[in-house]
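By convention in this document, chain letters (A, B, ...) are assigned in the order of the sequence lines, proteins followed by strands, and residues within each chain are numbered from 1. The structure presented is a predicted model; accordingly, all values stated were derived computationally and were not measured. Only heavy atoms go into these numbers, but all of them, side chains included; no hydrogens, no water, no symmetry mates.
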There are 4 protein chains.
Amino acid sequence: MKRAQSETDKALRESQIISAGLDEFYQKGFAAARMDHIGKRAGVSKGTLYLYFPSKEALFEAIIKTVAVPQIAEIERILEGQSAVADTLDVLMQRLPLILRQSPLPKLIKVLIGDAFTFPELVTLYRESVIERSLNAVAAFLQRGVDSGEIQADLPDPAMSARLVIAPVLMSAIWTVVFDPIDGTQLDLEQLFHVHHQQLKRALGLQEISHD
Amino acid sequence: MKRAQSETDKALRESQIISAGLDEFYQKGFAAARMDHIGKRAGVSKGTLYLYFPSKEALFEAIIKTVAVPQIAEIERILEGQSAVADTLDVLMQRLPLILRQSPLPKLIKVLIGDAFTFPELVTLYRESVIERSLNAVAAFLQRGVDSGEIQADLPDPAMSARLVIAPVLMSAIWTVVFDPIDGTQLDLEQLFHVHHQQLKRALGLQEISHD
Amino acid sequence: MKRAQSETDKALRESQIISAGLDEFYQKGFAAARMDHIGKRAGVSKGTLYLYFPSKEALFEAIIKTVAVPQIAEIERILEGQSAVADTLDVLMQRLPLILRQSPLPKLIKVLIGDAFTFPELVTLYRESVIERSLNAVAAFLQRGVDSGEIQADLPDPAMSARLVIAPVLMSAIWTVVFDPIDGTQLDLEQLFHVHHQQLKRALGLQEISHD
Amino acid sequence: MKRAQSETDKALRESQIISAGLDEFYQKGFAAARMDHIGKRAGVSKGTLYLYFPSKEALFEAIIKTVAVPQIAEIERILEGQSAVADTLDVLMQRLPLILRQSPLPKLIKVLIGDAFTFPELVTLYRESVIERSLNAVAAFLQRGVDSGEIQADLPDPAMSARLVIAPVLMSAIWTVVFDPIDGTQLDLEQLFHVHHQQLKRALGLQEISHD
DNA sequence: GATGAATGAGGGTTCATTCAT
DNA sequence: CATGAATGAACCCTCATTCAT
């Protein structure tokens with residue numbers, strides 16, 4: 001492999017390793033993942049990995065931290081906009097299939113579930129920085145709809161309702177990274193979130209407000 | 001350990017080993033699980049495990065098969081009853097928290113997700129014998145409601161709607177076996193399914209039919 | 001290898017490993033010594049070593065501690081007897097060649113010198129429990145000769161004189177475990193200690209006391 | 001690091017590396033010594049070492065050969081002078097503490113003992129070019145004293161007597177490079193060789209000849 | 001000439017599996 | 001039947017050596 005001399009080169013190499021590591025951990029789990037396989041996936045030798053990360057564990061942690069934290073921003077941005085609630089929900093439900101397919105988060109979820117008890121502090125980190133933030137953003141969004149009158153249904157517990165909004169996302173994530181690859185199927189995410197959207201609108205009693 | 005002479009003794013011993021194995025695999029994942037730990041949990045020696053299962057892999061498979069298949073019966077029974085759809089949904093939503101807490105299925109899900117690619121045929125088995133059966137049962141139940149007029153909403157895709165009914169179950173399962181044990185929290189399942197129930201009724205346009 | 005079931009069997013196996021380990025560490029030094037070689041020397045597999053010692057380092061420490069401490073007793077016994085000083089010196093000088101040839105201490109000294117800075121606390125232990133004890137015993141013996149008048153030379157510093165009595169022992173030890181094995185020579189220990197004896201008697205002004 | 005262009009620059013760089021190597025080998029032994037540490041001690045990079053020495057082993061050999069051979073000259077010079085034997089012994093015993101402290105030989109001895117069997121030919125070289133030469137010089141010196149009548153004691157085996165003269169030197173060497181650095185003590189070499197001197201004079205029956 | 005990133009053989013340690021007791 | 005001592009394949013990690021820059 002060419003040598004990474006500059007800082008940019010090194011950062012690139014590091015991100016290649018992280019990406020290769022995520023794939024290997026996703027396929028095998030932490031314990032069964034092999035450092036030389038990660039090297040092969042990243043196009044470097046086993047020894048090179050140790051120039052970038054001091055141990056398998058450190059690489060694992062770096063992966064979780066690198067991948068998890070930045071990914072949630074888009075969803076927050078959508079939800080925290082000030083458009084009409086119905087429009088925001090439109091956008092969210094339309095974007096989720098793509099986000100689920102393109103983001104590394106579903107793979108990360110699979111990895112974290114599998115090795116949860118080996119890295120509990122990473123689970124906590126993930127919960128706080130990804131899940132709770134998402135749930136809070138959804139709950140706040142729902143509250144905004146209630147306050148503005150756009151949501152007419154009685155929502156006694158917006159935090160729980162937020163969980164119910166999110167539940168199909170978790171299910172889809174697991175489905176796409178666990179069941180689909182194994183059985184060669186492909187869950188129709190567009191259809192799923194279309195139906196979810198319809199049912200949500202009824203469940204929330206969502207009033208479409210005319211845009212003019 | 002005393003010797004298991006009779007067939008019943010042996011069956012008992014076997015189920016102890018399976019239970020111990022599930023706990024160990026749940027805590028560690030397949031690769032990091034240790035046979036001597038499983039032995040210790042089951043109160044037998046490492047060697048004894050091999051009198052009952054020819055290998056770690058065989059034990060793992062036996063666990064999945066033993067635990068997965070029988071567990072789904074109750075839900076099917078509830079859904080396939082002929083009571084009013086609203087009543088059946090009442091029962092289901094009321095029973096789910098208990099089922100989630102008492103059944104070994106949530107642990108099993110965690111294990112299967114973690115080691116999915118090591119045992120793809122088990123994932124397929126689980127999908128077919130647990131998940132698809134549940135989804136089919138729910139879809140059939142929803143269809144019954146549509147057919148009887150109890151469900152008034154337009155349900156263009158009952159299979160997808162079934163997924164949305166089930167999604168909070170998967171989420172709860174993962175929550176209770178992954179996040180709660182690690183963070184010492186406890187998701188309020190009763191409240192979650194209460195809200196889910198409320199929102200479902202609105203989403204489905206469920207008509208309560210008087211029982212007389 | 002046959003299995004060591006009883007405690008005696010295990011103690012025997014352990015001492016075989018210690019002996020094999022001493023040989024390997026003596027030949028290679030700590031860092032270059034290989035666990036599988038130690039196993040081969042002891043007639044067991046590499047894995048078996050770890051049933052008896054948790055690590056290479058622990059084995060090394062066990063060897064030093066097991067071998068070093070008990071070995072010094074005979075010399076102390078000779079020196080602390082109450083025979084005439086001249087007679088005691090006779091016995092000591094006569095016995096030293098045999099002790100040097102039969103005891104594992106010379107090998108141990110070689111090992112400790114080579115890996116001194118890797119295991120400084122073992123060097124301290126060895127110094128205190130072997131070397132200082134020997135020096136003290138010799139110094140006390142010399143003082144006894146001075147007090148009784150058998151030693152007529154002026155001994156201003158018995159501790160230093162003790163070092164000079166011992167110096168040929170250290171030299172011989174190193175010679176027999178380093179130079180002789182490599183060059184196929186054999187230092188004539190009897191002759192060396194005979195000459196040492198003669199010179200010591202003159203240096204100390206030793207008076208032979210008639211035994212009757 | 002600046003480039004070494006001239007031959008003198010290169011010789012200087014080489015001797016820095018040798019000095020750094022001796023320190024590292026002395027601290028760690030051959031196997032545990034690390035090339036990058038040697039580089040750091042010498043103020044050059046790992047790669048530069050290979051511009052001067054083709055391998056770790058070659059560096060080790062160069063160190064032994066460079067350091068060992070020239071160091072013995074002073075002792076030979078003292079012993080081969082034609083002064084009175086007593087005076088020569090005075091000078092020798094007075095100089096030895098300083099020589100032991102300043103020369104790199106004690107460190108070298110420690111290194112050679114530790115890795116003796118990895119480099120047997122170096123041990124042989126060292127024995128022949130340092131130890132035997134010293135012993136021969138001392139033996140010849142003693143013979144001169146016997147022949148001139150200055151040594152009045154019966155010395156049946158001057159070669160063995162030479163070993164006894166040298167033994168405290170070896171002991172001191174090991175003491176100063178092994179025990180003293182570890183335990184923070186400092187052997188009083190002046191006192192040791194003062195006592196050695198006194199005892200030797202008695203043991204040899206040395207006649208002081210007036211200088212006039 | 002000098003550097004240090006990259007390589008990969010080597011060795012300590014673990015643990016599933018075997019089998020003598 | 002049950003045990004746990006013994007085995008050795010497998011894998012993480014180190015570091016001497018190479019060579020692109």
Check whether any side-chain nitrogen or oxygen of A:T48 sits under 4.0 Å from OP1 or OP2 of E:dA5, and answer yes or no.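 So the side-chain polar atoms of A:T48 never come under 4.0 Å of the phosphate oxygens OP1 or OP2 of E:dA5.
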So, does D:S45 get its side chain near the phosphate of E:dT3, meaning an N or O under 4.0 Å from OP1 or OP2?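 For E:dT3, OP1/OP2 do have a side-chain N/O of D:S45 under 4.0 Å.
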Taking the six-membered ring for Trp, are the ring centroids of D:Y26 and C:F117 within less than 6.0 Å of each other?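 Yes, they do, as the ring centres are separated by less than 6.0 Å.
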Please report the distance, rounded to the nearest Å, between [atom1] in [X] and [atom2] in [N].
X: A:F60; N: F:dC13; atom1: CZ; atom2: P; answer: 14 Å
X: B:H37; N: F:dG4; atom1: NE2; atom2: P; answer: 15 Å
X: D:R13; N: E:dG1; atom1: CZ; atom2: P; answer: 10 Å
X: D:I38; N: E:dG4; atom1: CD1; atom2: P; answer: 17 Å
X: D:Y52; N: E:dT3; atom1: OH; atom2: C1'; answer: 13 Å
X: C:K28; N: E:dG12; atom1: NZ; atom2: C1'; answer: 15 Å
X: A:L49; N: F:dC11; atom1: CG; atom2: P; answer: 15 Å
X: A:K40; N: E:dA6; atom1: NZ; atom2: C1'; answer: 15 Å

Counting any heavy atom closer than 4.0 Å, what does A:F53 reach on the DNA or RNA strands: base, sugar-phosphate only, or nothing?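 No contact.
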Residues that A:D9 engages under salt bridge (charged side-chain N to carboxylate O under 4.0 Å, His left out), provided they are two or more places apart: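 Partners of A:D9 by the salt bridge (charged side-chain N to carboxylate O under 4.0 Å, His left out) criterion come out as none, since no residue qualifies.
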State the CG-CD1 distance between B:L49 and B:I17, to the nearest 0.5 angstrom.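 Answer rounded to 0.5 Å: 5.0 Å.
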Going from CG on A:L22 to CZ on A:F60, what distance comes out if it is rounded to the nearest 0.5 angstrom?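 Answer for the CG-CZ pair, A:L22 versus A:F60, is 9.0 Å.
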Tell me, with the steps shown, if B:E14 and B:F53 meet side-chain contact (heavy atoms from CB on, under 4.5 Å). CA-CA 9 Å; B:E14 188 171 310; B:F53 302 95; 3.5 Å; yes
Begin with the C-alpha distance, continue with both residues' side-chain angles, and end with the deciding distance and a verdict on ring-ring contact (aromatic ring centres under 6.0 Å, His included) for A:F30 and A:F119. CA-CA 10 Å; A:F30 178 77; A:F119 300 97; 4.9 Å; yes
How does protein contact run along nucleotides 14-21 of chain F, one letter per nucleotide 5' to 3', with B for base contact, S for sugar-phosphate only, - for none, heavy atoms under 4.0 Å? BSSBBBBS
Set of side-chain hydrogen bond (donor to acceptor under 3.5 Å, both in side chains) partners for [X], sequence neighbours left out:
X: B:S55; value: none
X: C:T48; value: C:S45
X: B:K28; value: B:E24, B:H37

Dot-bracket for DNA chain F, 5' to 3', with Watson-Crick and G-U pairs under 3.5 Å, [ ] for crossing pairs and | for other-strand pairs: what is it? .||||||||||||||||||||
